[in-house]
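Indexing begins at 1, ligand by ligand and atom by atom, following the structure's order.
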Amino acid sequence: MKKLMALGLALTMVIAVMAGCGQKDKEVLTMGTNAGFPPFEYKEGTEIVGIDVEIAKEIAKEMGKELEISDMEFASVVTSVQSGKVDLGIAGMTIKPDRLEQVDFSDTYYKASQLVIVKKDSTITAADLNGKKIGVQDGTTGDDYASETYGSSNVSKYPTGMDAVMALTSDKIDAVIIDSYTAKALAKKNADIKVLDEELTSEEYAIAVQKGNTELLETVNKVLKRLKEDGSIDKFTDQFVKE
Ligand code: ARG
C-alpha cells in the first residue's frame with residue numbers, strides 16, 4: 001500500500017514537472033498576412049520577411065509572446081481577424097470603411113497610393129486606361145479602384161501582385177494597378193515592366209485587430225509609436241526598400 005502511495009506521489013510529481021515545462025513554452029501571437037506583397041511581406045526561400053514582419057516581431061516581443069505567421073489569401077485576412085482565427089492582420093492593409101465595419105484598426109504606419117505598371121516598351125499612360133485590360137490583386141484597394149473606375153468587366157483579379165505582373169508580361173492584360181511600394185519593388189526585380197508616376201489614390205496602412213479588443217489595440221499602438229519615434233520604421237524601410 002505504501003509502495004502504491006509512493007508511486008502515486010512520484011507520478012503526481014512527474015506530471016507537475018511536465019506541466020511546469022509546458023508553462024515555460026511561450027504563448028503565441030498570430031499574424032495573418034498575404035506574403036506576396038514586397039516590401040511588406042514576401043518570401044525569401046521558405047521564410048516570410050519584410051517590414052510588416054519586423055513590426056509584428058516587435059509587438060510579439062512587447063507581449064512576451066512568440067510570433068507565428070499565417071500566410072493566406074489577402075481577402076481572408078480581415079475575416080480571419082474578425083473570427084479570431086488570427087490575432088493581428090498585418091498586410092500593408094489600407095484603412096477603408098467596409099473593413100472598419102469588420103475589424104478595428106491601429107494608428108497608421110505608412111502612406112501609399114495606387115500606381116500603374118505597364119510593360120517597359122508600352123506607350124500607355126494613366127489617362128489611357130479606359131477600355132484596357134487591367135490586372136489587380138483580388139480584394140485589394142487596387143481592385144476597388146480599378147473596378148469602380150474602369151468597370152469590373154475590364155478587371156482581372158489575381159491571387160498576388162506578382163501573378164498580375166506575370167499576366168502583364170505575357171500580354172494577357174495591358175496594365176496592373178497596385179500599391180506604390182509594391183509596384184516599385186516588383187519593377188526593381190523585373191526589367192520588362194515600368195511604373196508610371198501618376199498616383200491614383202491616397203491611402204494609409206494600419207494593423208487590424210478583432211473588434212473590441214482594446215487591450216491588444218493599445219499594445220499595438222504603443223509599439224507603433226515607439227517604432228516611429230526611435231527610427232525603427234525608417235530603418236525597416238531602408239532595409240527592405242532597396243533603391
Ligand atoms: N493596401 C492594399 C489593401 O489594403 C493592398 C494590400 C495587399 N497586401 C498584401 N499583403 N497582399 O487593399
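- Taking the six-membered ring where the residue is Trp, the centroids of Tyr110 and Phe40 are separated by under 6.0 Å.
- The shortest heavy-atom distance from Lys96 to ligand 1 is not under 4.0 Å.
- In summary, the atoms of ligand 1 found under 4.0 Å from a heavy atom of Tyr205, numbered by their order in the structure, are 1 (N).
- Considering backbone and side-chain N/O of Phe37, none are found under 3.5 Å from N/O of ligand 1.
- Atom NZ of Lys194 has more than 12 neighbouring heavy atoms from other residues, nucleotides or ligands inside a 6.0 Å radius.
- By the neighbour-count criterion of 12 heavy atoms within 6.0 Å, atom NZ of Lys235 is sparsely surrounded, having that number or fewer from other residues, nucleotides or ligands.
- Taking all atoms of both residues into account, the shortest heavy-atom contact from Ile207 to Tyr109 is CG1-CE2, 3.8 Å.
- Across all non-hydrogen atoms, the minimal contact from Ala167 to Tyr158 is CB-OH, 3.2 Å.
- Ranking the protein heavy atoms by distance from atom 11 (N) of ligand 1 puts Asn34 OD1, 2.9 Å first.
- Residue Asp179 has at least one nitrogen or oxygen atom sitting less than 3.5 Å from a nitrogen or oxygen atom of ligand 1, judged on distance alone.
- Listed by number with element, the atoms of ligand 1 under 4.0 angstrom from any heavy atom of Met93 are 4 (O).
- Annotation for ligand 1: atoms under 4.0 Å from non-hydrogen atoms of Ala91 are 6 (C), 7 (C), 8 (N), 9 (C), 10 (N).
- Residue contacts with ligand 1, taken as heavy atom pairs separated by less than 4.0 Å, involve Gln137 solely via side-chain atoms from C-beta onward.
- A salt bridge links Arg226 to Glu58: at least one charged side-chain nitrogen sits closer than 4.0 Å to a carboxylate oxygen.
- Distances below 4.0 Å separate heavy atoms of Thr140 from the following atoms of ligand 1: 5 (C), 12 (O).
- Contacts between Met162 and ligand 1 below 4.0 angstrom, taking non-hydrogen atoms only, are absent altogether.
- Residue contact check for ligand 1: Gly92 places a non-hydrogen atom closer than 4.0 Å to it.
- For the pair Thr94 and ligand 1, the shortest N or O to N or O distance falls below 3.5 Å.
- For ligand 1 and Arg99, the ligand atoms under 4.0 Å from any heavy atom of the residue are 3 (C), 4 (O), 12 (O).
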